[in-house]
Amino acid sequence: MSETNRLSTLSRSLSGRSVIVTGAASGMGRATAHLFADEGAHVAVADLGAERVATVVAEIRAAHGDDTAIGVTTDVADPEQLRVLVERTVAEFGGIDAVINNAGVALPTSMFAEADDYESNWATTLDINLTAHSRLVRLALPHLTESDAARVVNIASTEAIVTSAGMAAYAASKAGVVGLTKSMAVELGRHGVTANCICPGPIRTGMTDGIPDEAKQTYANRRVPLRRYGSAEEVAHITVSLCMPAAGYVNGAIIPVDGGMSIRHV
């Protein structure tokens, strides 16, 4: 078939694109950083803990070369460290094409908790899970608007849709991420920047490592139509797909990646 008869004209290539992934030292963030690198992108690996960050960077460089990834030890709750993350990424890769806001915490916030514990966990959760998303995008925006395929992907949770007792701050922050994404999509779309949100359900990550496998399977059998927990890579593939140039008309989408859990009635 000749090129003139091709039906597909939009690129799915991420080769040479520059991407920031927060929370990239483990779980879904690590899988996302690896997958972007597999697709030819340059990745800024951002997370707490210099050693953990260095490990992921070394893994990516071993597979794809020394110019593929940089590590930036970052506490996303600190605005100055976010500024450094953006500056380092631009200095190394020449720009920013995508921001993946993946870093998050799940701290207990029962309405019956002691006041000091509740207030501290609430503030920390909102800073990391929600406020940091807004700050990082604002810092990256001058560079995103220079890209011809600028993308923001915010990682929320199905806890924004259905929730659990004792996790008020987590649920509130993830619902906030959904609202923030919609606002970003409306405001930034006219500047060529899309914003979309992924809501992972029960996924095998560090956050769920403490749940015994038997309990995981019982929960999946009861709540998930696919009858299993998902993998970090399954979430990462949706994130990466949203950042392809060909996905340029997907804007403001809220995408559950939960095996159908959030649509199951009983």
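Computed from a predicted model, the values in this text were never measured in an experiment.
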Checking the side chain of [X] only, and the main-chain atoms of [Y] only, is there a donor and an acceptor separated by less than 3.5 Å?
{"X": "S13", "Y": "S11", "result": "no"}
{"X": "S120", "Y": "D117", "result": "no"}
{"X": "T109", "Y": "A169", "result": "yes"}
{"X": "R12", "Y": "M244", "result": "no"}
{"X": "T181", "Y": "A195", "result": "no"}

To the nearest 0.5 Å, tell me how far [X] [atom1] sits from [Y] [atom2].
{"X": "T89", "Y": "H143", "atom1": "OG1", "atom2": "NE2", "answer": "9.0 Å"}
{"X": "M28", "Y": "I238", "atom1": "CE", "atom2": "CD1", "answer": "12.5 Å"}
{"X": "R30", "Y": "D47", "atom1": "CZ", "atom2": "CG", "answer": "12.0 Å"}
{"X": "L242", "Y": "N251", "atom1": "CG", "atom2": "CG", "answer": "10.5 Å"}
{"X": "T218", "Y": "K216", "atom1": "OG1", "atom2": "NZ", "answer": "11.5 Å"}
{"X": "I198", "Y": "I155", "atom1": "CD1", "atom2": "CD1", "answer": "4.0 Å"}

[X] atom [atom1]: more than 12 heavy-atom contacts under 6.0 Å:
{"X": "R264", "atom1": "CZ", "result": "yes"}
{"X": "D116", "atom1": "CG", "result": "no"}
{"X": "R227", "atom1": "CZ", "result": "no"}
{"X": "E187", "atom1": "CD", "result": "no"}
{"X": "E80", "atom1": "CD", "result": "yes"}

With hydrophobic residues grouped by side-chain heavy-atom distances under 4.5 Å, do [X] and [Y] end up in a single group?
{"X": "V250", "Y": "V257", "answer": "yes"}
{"X": "V152", "Y": "L85", "answer": "yes"}
{"X": "V57", "Y": "I70", "answer": "no"}
{"X": "V177", "Y": "L188", "answer": "yes"}
{"X": "V162", "Y": "L226", "answer": "yes"}

Note, K182 side chain near V186 side chain (heavy atom, < 4.5 Å):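 No. Closest side-chain heavy atoms not under 4.5 Å.
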Beyond-backbone contact of V19 with C243, side-chain heavy atoms, under 4.5 angstrom: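 With C-beta onward as the side chain, the pair stays apart.
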Side chain to side chain contact (heavy atoms under 4.5 Å, CB included) between T124 and N121, intermediate numbers included: CA-CA 5 Å; T124 298; N121 286 354; 5.6 Å; no
What closest approach, in Å, do [X] and [Y] show between heavy atoms, and which atom pair accounts for it?
{"X": "T68", "Y": "A41", "result": "CG2-O, 3.6 Å"}
{"X": "L144", "Y": "A98", "result": "CD2-N, 3.9 Å"}
{"X": "I128", "Y": "A77", "result": "CG1-CB, 4.0 Å"}
{"X": "K174", "Y": "N129", "result": "CE-ND2, 4.0 Å"}
{"X": "I161", "Y": "S262", "result": "CG2-CB, 4.3 Å"}
{"X": "A253", "Y": "N196", "result": "N-OD1, 2.8 Å"}

Only one of [options] passes side chain to side chain contact (heavy atoms under 4.5 Å, CB included) with [X]; say which it is.
{"X": "R135", "options": "L82, V86, V76", "answer": "L82"}
{"X": "T22", "options": "V45, L136, V99", "answer": "L136"}
{"X": "I96", "options": "L141, I20, L139, T145", "answer": "I20"}

Modelled atom types, side-chain donor and acceptor of T158 and D258, under 3.5 Å: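 No, no side-chain donor-acceptor contact under 3.5 Å.
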Between N221 and Q217, a side-chain donor and acceptor under 3.5 Å: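 Present: a donor and an acceptor within the cut-off.
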Presence of salt bridge, R17 and D148, under 4.0 angstrom: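 Salt bridge between D148 and R17, a charged N being under 4.0 Å from a carboxylate O: yes.
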D38/V240 under side chain to side chain contact (heavy atoms under 4.5 Å, CB included): CA gap, chis, key distance, verdict: CA-CA 10 Å; D38 289 347; V240 170; over 6 Å; no
Derivation of the side chain to side chain contact (heavy atoms under 4.5 Å, CB included) call for R151 and D97: CA-CA 6 Å; R151 306 284 186 261; D97 296 291; over 6 Å; no
Working for side chain to side chain contact (heavy atoms under 4.5 Å, CB included), residues Y229 and I211: CA-CA 12 Å; Y229 267 51; I211 303 172; 3.9 Å; yes
Aromatic ring pairing H42/F93, orientation class (parallel under 30°, perpendicular over 60°, tilted between):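 Parallel, since the angle between the ring planes stays under 30°.
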Check against salt bridge (Lys or Arg N to Asp or Glu O under 4.0 Å), R204 and D213: CA-CA 10 Å; R204 290 184 175 273; D213 285 343; 3.3 Å; yes
